[in-house]
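Reviewing the structure listed below.
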Amino acid sequence: MNLRVVLLSVLVAASTAAAWYLSSNEQNATVSPASTLLEGLPQNSDAIEYVKIENATNVVFEARRQEGQWRAVHLDDSLSFPVDTKALSTLIRRIAHASVVEKKTDNPALYSRLGVEGLEADAAESMLLTLEDGDRQWQVILGNTSTRRHGQFVRQPEAPVSYLIDKVLTVPLSAAEWLKPDILSVSTEELSSIRFWQAEKPELLISRTETAGTAEPAADNQRAWQAGIINDEQVTPVNDNDLNYPGVLSQAIDDIFAFTYLQATPFSQAAWEANELAGKVDMTLNDNTRVLVEISQSNELGQYYIHFEMPDSPSRVSDWVFTVSGYQGRAFLLSEKSIIAGDNAS
């Protein structure tokens with residue numbers, strides 16, 4: 001056999017073997033150790049009773065089950081707050097089903113590249129997730145998401161090796177992000193009238209009109225609202241033709257009940273009384289229950305502070321002061337000039 005042919009055959013065989021070896025090695029590196037990230041962690045999220053998420057500077061989120069309900073406990077030592085259970089349950093479910101895709105570095109000097117350094121490290125950007133059931137605890141450091149493959153880098157605090165897992169875990173980045181968003185326990189359908197007060201301005205009343213010949217409120221889908229200006233407890237109706245535009249009253253009420261907030265802090269009567277009020281709102285519901293709202297003057301960021309007095313609120317809303325955006329705060333500061341066309345406003 002020609003020597004050249006023999007040498008070529010050997011080279012082809014060697015190349016084929018090398019390619020097979022590298023391919024096999026890559027597959028093994030990807031598949032192994034193909035295991036659940038947190039061994040023993042219940043896959044049923046209802047079994048978890050405590051969750052804490054912290055970064056290098058503070059606890060971002062902390063929640064416990066209390067009488068079967070998730071309540072945030074990171075805002076105050078004695079008060080708890082309702083939790084966005086959908087976001088929390090999704091996190092627990094995803095971490096319980098997370099599988100290891102491949103091992104990564106076990107060199108502490110390289111942890112920061114993956115974002116899996118300990119919280120004590122200088123300029124640490126990682127987050128530490130802690131979960132507990134009745135008897136056991138699990139912890140994992142959450143690092144960066146992978147730019148090349150779907151997944152996230154993680155490391156258990158006491159373990160040197162880091163991993164890429166097959167899930168990306170969404171966590172809150174602020175203390176209010178996973179609080180229950182819809183904290184108002186009443187709706188526009190329950191509203192009979194709403195009265196707005198601001199210093200040195202005529203009070204504004206918005207109430208439901210009555211169906212002709214009855215004392216019953218008009219159907220809610222008709223948005224049958226009537227505005228009136230109060231002077232010395234005498235109500236002067238506002239002509240619908242004088243309004244800024246049709247539906248301005250419905251929009252104003254919807255803006256109030258689509259309530260969103262930026263932060264919640266415990267209510268203190270003494271601290272609240274130190275605020276200068278921008279306005280008050282008095283809502284009367286169909287069953288004659290009243291909801292009272294106070295709005296402080298805006299802060300240097302243009303945000304407002306709002307406090308509700310809501311009887312029988314299941315979320316104990318009255319225990320809290322809510323920081324809101326300028327837009328949300330101004331929704332509670334409705335006045336005659338807010339709804340009446342410029343030429344007709346007094």
Side-chain angles (χ1 to χ4, degrees), residues 81-82 176 179-208 220 223 225-231 235 238 243-245 247-269 271-286 288-313 315-340 345-346:
F81 198 93
L179 302 182
K180 185 178 180 182
D182 49 336
I183 55 94
L184 294 183
S185 58
V186 297
S187 65
T188 57
E189 288 78 10
E190 300 172 73
L191 182 65
S192 175
S193 66
I194 183 168
R195 183 168 175 167
F196 300 85
W197 172 90
Q198 294 181 62
E200 300 181 1
K201 290 184 180 180
E203 289 188 62
L204 173 66
L205 175 69
I206 300 177
S207 56
R208 289 194 185 275
D220 184 66
R223 297 298 192 197
W225 299 105
Q226 172 70 55
I229 307 303
I230 302 175
N231 285 296
V235 180
V238 174
L243 296 176
N244 277 330
Y245 58 88
V248 64
L249 302 181
S250 299
Q251 184 61 59
I253 291 170
D254 288 344
D255 287 345
I256 288 175
F257 280 82
F259 181 74
T260 60
Y261 59 95
L262 306 173
Q263 186 178 349
T265 54
F267 173 74
S268 161
Q269 186 68 47
W272 182 253
E273 289 177 354
N275 290 319
E276 182 181 357
L277 290 185
K280 298 180 183 181
V281 175
D282 185 349
M283 306 182 194
T284 301
L285 306 183
N286 294 332
N288 291 322
T289 299
R290 292 172 67 193
V291 177
L292 305 178
V293 191
E294 291 185 327
I295 306 95
S296 77
Q297 294 287 354
S298 59
N299 61 20
E300 63 277 6
L301 299 177
Q303 301 165 341
Y304 292 86
Y305 304 109
I306 290 183
H307 179 247
F308 295 90
E309 279 292 340
M310 296 183 64
D312 303 322
S313 168
S315 302
R316 297 195 287 274
V317 172
S318 300
D319 291 339
W320 301 90
V321 172
F322 297 93
T323 305
V324 302
S325 68
Y327 177 83
Q328 180 68 89
R330 288 188 293 274
F332 288 85
L333 298 175
L334 212 63
S335 67
E336 177 184 6
K337 290 186 177 181
S338 304
I339 63 166
I340 297 177
S346 58

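Note that the numbering runs from 1 along the sequence shown for the chain.
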Ile183 vs Phe322, test: side-chain contact (heavy atoms from CB on, under 4.5 Å). Steps then yes/no. CA-CA 10 Å; Ile183 55 94; Phe322 297 93; 3.9 Å; yes

Is there a donor-acceptor contact under 3.5 Å from the side chain of [X] to the main chain of [Y]?
{"X": "Asn286", "Y": "Glu189", "value": "yes"}
{"X": "Glu294", "Y": "Leu277", "value": "no"}
{"X": "Gln226", "Y": "Val238", "value": "yes"}
{"X": "Gln297", "Y": "Tyr305", "value": "no"}

Between [atom1] on residue [X] and [atom2] on residue [Y], distance to nearest 0.5 Å:
{"X": "Ser338", "Y": "Leu243", "atom1": "OG", "atom2": "CG", "answer": "12.0 Å"}
{"X": "Glu276", "Y": "Ser296", "atom1": "CD", "atom2": "OG", "answer": "9.5 Å"}
{"X": "Leu204", "Y": "Ile339", "atom1": "CG", "atom2": "CD1", "answer": "4.5 Å"}
{"X": "Leu205", "Y": "Ile230", "atom1": "CG", "atom2": "CD1", "answer": "4.5 Å"}
{"X": "Gln198", "Y": "Lys280", "atom1": "CD", "atom2": "NZ", "answer": "12.5 Å"}
{"X": "Arg195", "Y": "Ile206", "atom1": "CZ", "atom2": "CD1", "answer": "13.0 Å"}

Quick one, [X] and [Y] - any side-chain contact, counting heavy atoms below 4.5 Å?
{"X": "Thr260", "Y": "Tyr327", "result": "no"}
{"X": "Asp282", "Y": "Trp197", "result": "no"}
{"X": "Phe267", "Y": "Asp319", "result": "no"}
{"X": "Pro266", "Y": "Trp320", "result": "yes"}

So, for [X] and [Y], which heavy atoms are closest and what is the spacing to 0.1 Å?
{"X": "Leu334", "Y": "Phe196", "answer": "O-CB, 3.4 Å"}
{"X": "Ile295", "Y": "Trp272", "answer": "N-CZ2, 4.5 Å"}
{"X": "Phe308", "Y": "Ser318", "answer": "O-OG, 3.1 Å"}
{"X": "Leu179", "Y": "Ala264", "answer": "CD1-CB, 4.3 Å"}
{"X": "Thr284", "Y": "Arg290", "answer": "OG1-CG, 4.1 Å"}
{"X": "Val293", "Y": "Met283", "answer": "CG2-CE, 4.1 Å"}

Go through the steps for Tyr304 and Leu333 under the test side-chain contact (heavy atoms from CB on, under 4.5 Å), then give the verdict. CA-CA 11 Å; Tyr304 292 86; Leu333 298 175; 3.7 Å; yes

Check the pair Ile256 / Ile194 against side-chain contact (heavy atoms from CB on, under 4.5 Å), numbers first and verdict last. CA-CA 11 Å; Ile256 288 175; Ile194 183 168; 3.8 Å; yes

For Gln328 and Tyr261, run side-chain contact (heavy atoms from CB on, under 4.5 Å): C-alpha distance rounded to whole Å, both residues' side-chain angles, the deciding distance at 0.1 Å, then the answer. CA-CA 8 Å; Gln328 180 68 89; Tyr261 59 95; over 6 Å; no

